[in-house]
Amino acid sequence: MAFHLLQRDRSGAAQLAQTLGGALAVVRHCDKCNTFSEQQVCELCRSARRDQTLLCVVETPADLLMMEQAQCYRGQYFVLMGRLSPLDGIGPREIHLDRLVRRATDGVVKEVILATNFTVEGEATAHYVSDVLRAKSLRVSRIARGLPVGGELEHVDSGTLAQAVIERREV
Ligand SMILES: [Zn+2]
C-alpha cells in the first residue's frame with residue numbers, strides 16, 4: 001500500500017498520513033471496554049440503553065463493530081485487543097485478562113458471552129477465559145457455530161456442518 005500511494009497517489013498519501021497522525025494523538029483505549037475511543041469511557045459504555053448485565057468478549061474493535069452491525073445484541077463489551085498465542089508471546093497479560101476479570105466481577109454483570117473467533121487461538125482463548133471467569137462464579141456462554149444464512153448444506157465445509165449438528169437446538 002505504501003508503494004502504491006508513493007507512486008500513484010501522493011496527495012492521498014499525505015492525507016492518510018495526516019489522518020493517522022491525528023488519530024494517534026487522540027485515540028486511546030476505553031477504561032471500561034478497552035476498545036478504541038477518543039474519550040476516557042466510550043459512548044457505548046456510557047449508554048443507558050445497553051443491558052448492563054451482559055458482557056460480550058471479542059478479540060478486536062472490528063469484531064465489536066460487526067456485532068453492532070448485526071443488531072442482535074444490546075449488552076456491553078470487552079475487547080481483548082488480541083487472542084492468546086503463546087508462540088507469539090501473547091499471554092493472559094497481553095489480552096488484559098486482569099481487567100476483564102475486574103470488569104466482569106463488578107457485581108452487575110450476570111453473564112459473559114465469549115465471541116472470540118473460531119480459530120485455534122480464538123478457541124483456546126475462549127477456553128482459558130471461561131475457566132478463569134467460571135472460577136469467579138460467573139455464568140459464561142460461547143456464541144454458536146453454524147451454517148451461513150442462505151447457505152446450502154452441500155456447499156458448506158464438513159467441519160461447519162458437523163458443528164451445526166452437534167450444537168443443534170430444540171425447535
Ligand atoms: Zn467502552
Side-chain angles (χ1 to χ4, degrees), residues 1-2 12 15-146 148-149 163 167 169:
M1 189 174 114
Q15 204 178 357
L16 181 67
Q18 197 181 10
T19 308
L20 276 175
L24 276 173
V26 296
V27 173
R28 42 169 294 157
H29 292 276
C30 169
D31 279 356
K32 275 186 98 174
C33 72
N34 202 35
T35 197
F36 290 133
S37 171
E38 289 185 16
Q39 293 130 336
Q40 195 167 2
V41 176
C42 76
E43 210 171 304
L44 199 150
C45 284
R46 281 186 284 121
S47 170
R49 292 209 305 259
R50 308 293 300 205
D51 186 342
Q52 305 291 323
T53 67
L54 291 175
L55 187 69
C56 179
V57 177
V58 293
E59 291 182 16
T60 66
D63 294 341
L64 187 159
L65 278 182
M66 279 307 294
M67 285 286 294
E68 285 299 291
Q69 277 167 19
Q71 299 189 331
C72 59
Y73 176 72
R74 298 300 300 163
Q76 300 267 315
Y77 291 94
F78 188 86
V79 182
L80 299 173
M81 291 289 171
R83 66 202 73 80
L84 289 177
S85 183
L87 290 178
D88 301 315
I90 300 170
R93 220 168 64 109
E94 283 68 33
I95 61 166
H96 313 281
L97 191 66
D98 51 338
R99 279 184 59 198
L100 168 59
V101 170
R102 252 181 285 140
R103 176 71 186 86
T105 54
D106 66 349
V108 181
V109 171
K110 297 275 179 278
E111 179 182 354
V112 179
I113 301 164
L114 300 174
T116 53
N117 291 322
F118 289 106
T119 57
V120 175
E121 288 94 353
E123 291 277 35
T125 304
H127 197 80
Y128 189 89
V129 170
S130 81
D131 278 352
V132 171
L133 294 180
R134 257 193 274 266
K136 305 275 178 194
S137 304
L138 277 159
R139 201 172 134 199
V140 183
S141 59
R142 176 91 168 106
I143 55 167
R145 276 163 287 208
V149 173
Q163 280 301 329
E167 294 177 22
R169 59 183 173 78

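Residues take their numbers from the sequence shown, with the count starting at 1. First listed ligand is number 1; within each ligand, the first listed atom is number 1.
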- [ ] Sort and list the pairs that fulfil salt bridge (charged side-chain N to carboxylate O under 4.0 Å, His left out) and have at least one residue in residues 105-127, not counting sequence neighbours.
- [x] Arg103-Asp106, Glu111-Arg139, Glu123-Arg142, Glu123-Arg145

- [ ] Please check if the side chain of Asn34 supplies one atom and the backbone of Phe78 the other of a donor-acceptor pair under 3.5 Å.
- [x] no

Task: Backbone N/O of Asp31 and side chain of Arg99: donor-acceptor pair under 3.5 Å - done: yes

- [ ] List in chain and number order the residues that pass side chain to side chain donor-acceptor pair (under 3.5 Å) with Gln52, two or more places apart in sequence or in another chain; answer none if no residue qualifies.
- [x] none

Open item on the list: The criterion is side chain to side chain donor-acceptor pair (under 3.5 Å); which residues satisfy it with Gln15, sequence neighbours excluded?
Closed with: none

TODO: Taking 2.8 Å as the upper limit, name the protein N, O or S atoms near the Zn ion (ligand 1).
DONE: Cys30 SG, Cys33 SG, Cys42 SG, Cys45 SG

Task: Residues Arg50, Glu68: salt bridge by 4.0 Å N-O rule - done: yes

